[in-house]
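Numbering of ligands and ligand atoms starts at 1, following listing order. Side chains are part of it too, since the values below use all heavy atoms of this structure and drop only hydrogens, waters and symmetry mates.
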Amino acid sequence: MARDILNEIIEKRKADIARLGICFGFERPTRKRPLHPFIEKAGTILEVKRSSPSKGNIAMGLDPAETARIYAQAGTGAISVLTESHYFNGSLADILKVAEAAPDCAILRKDFLLYPEEVDVAYDFGADAVLLIARILSDETLLQMATRTAALGMTPFVEVRTEDDLRKLKKIRATVDCVAGVNSRDLKNFHIDSLIPAEFIDELGERAVFESGIQTAKDAAFARRLGFAGVLIGEAAAKNQPAAQKLVEGFLHAKPDGFGKFWKRIAQMRKSLRTRNPGQPIVKICGITNADDALLAAELGANLLGFVFSAQSPRKTNTAEAQDVIAQVKKQFGKDAPLCVGVVTEHESPEANEALGLANGGILDAIQFHGCEIPAELESADFGYYKAVRLKSSDEAQELANHFQHGIPRALVDAYSPEALGGTGKRIDGETLQTLSSQTALWMAGGISADNIQEIVKSFHPELVDLSSALESFPGKKSAEKMRAFCRAVR
Ligand SMILES: O=P(O)(O)OC[C@@H](O)[C@@H](O)c1c[nH]c2ccccc12
């Protein structure tokens, strides 16, 4: 059985408190600073974090006062102080130091708090907000602690990760106002998935915070683009403090937009498939050129439709055709219509410009950059985008990790073929797929059909499968029979 770190942390804390008391041996101060509002408008929370169970040493020698000054200078409105000692090497004394060094910042006490009395301790040491992890607290204790936090004038910051956590949050919100955070890291196995916050955001209320896994300014921007009011950044800020300002600006300069909306819809699709039909991947049917194919695909439950804007492709479409097809699909399926994606293979080609025009006009929901880079000017585009990488070898699979460093949660992998840019029916080798599926949520294209989809799902657990040629009667025209057979097989 995997080691349950969460449990270990809690057991050690209980033992410490039994031995040292609720202040862990520190003298209990009287609060000196005034209370600060916490995430009342969009802002960042930078964390004083020396180490963690997942990463080990992060910034062991960090000086809390110096760090707090740098964070305040970087423009953050709030600072999180990890006070857990065994795994994070923090202490209550750190709060006192941060409070003195950053008098204008709100302070969050970040710990695995278990007892209502610990809320009073947080107040006395100078905290303005208190982390309450829904997963480790019963309904009653959570309510009691949130109520106590609010009664003292602090902000309860409730962290959720599961549906049951969400239920608890809703229950306490009936009586206590609180900020809700969603952790993109699973505290049980440390996996980071930036689409988890996207799944939850619509249920978290206005003051929602995206927690963990933020490495770059673009990642921070992604949280804002999804619509989060706050973002909590630990490792990336603590380890590289001169870069803290860039992280803050990345978040503050972005705004909720169509890019965030696209990923939110992907996250919601994944969630609804998970509840209705666990294991079934999101299905993207690509190479759509006509309304009959599009309408049948939508009726059969395709989640995304792909429109190819590439001169070389036998499945290429154009503005007028795509516009007409998409209008018919949206008319018939309304808000349940599949998402429509333009596939682009070459920058600044007339075809790429047509696709970008449709995306800017809100007709295409996203652009897939297939085998070409994403143009830098898209950083504030009001539509979704991601990259499709054509993999030649398993070595390249390693490089794929880089594509997730830019605030874009997924990349699609396709098989490489010297003859064409896609739609060759060729499949990526099993070893590479295995590597990828163990590292990331797999978005897979190339050689998928009704005949092999069950084996693919079983072996590689793709989150999304993208098909084109296997569903055709001839290039550019889908076969109703093959589409039906595929949809039966994928369920
Ligand atoms: O270092 P990161 O990946 O930026 O994560 C920061 C913060 O979200 C993380 O430390 C955290 C989130 N929730 C927690 C609960 C307890 C301890 C720590 C945490």
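Phe259 has its ring centre less than 6.0 Å from the ring centre of Tyr385.
Looking only at atom types and distance, the side chain of Gln245 has a donor-acceptor partner in the side chain of Glu249 under 3.5 Å away.
The aromatic rings of Tyr386 and Phe262 lie parallel to each other, their planes meeting at an angle below 30°, with 60° marking the opposite boundary.
Residue-level contacts of ligand 1 at the 4.0 Å heavy-atom threshold are Glu47, Lys49, Leu82, Phe88, Lys110, Phe112, Leu131, Ile133, Glu159, Asn183, Arg185, Glu211, Ser212, Gly213, Leu232, Ile233, Gly234, Glu235.
Tested against Arg13 for a side chain to side chain donor-acceptor pair (under 3.5 Å), the candidates Glu8, His86, Glu118 yield a single pass: Glu118.
Remark: Lys271 qualifies as a cation-pi partner of Phe200 under the 6.0 Å distance and 45° angle criteria applied to the six-membered ring.
For residues 80-100, the set of pairs meeting the salt bridge (charged side-chain N to carboxylate O under 4.0 Å, His left out) definition, not counting sequence neighbours, comprises Arg50-Asp94.
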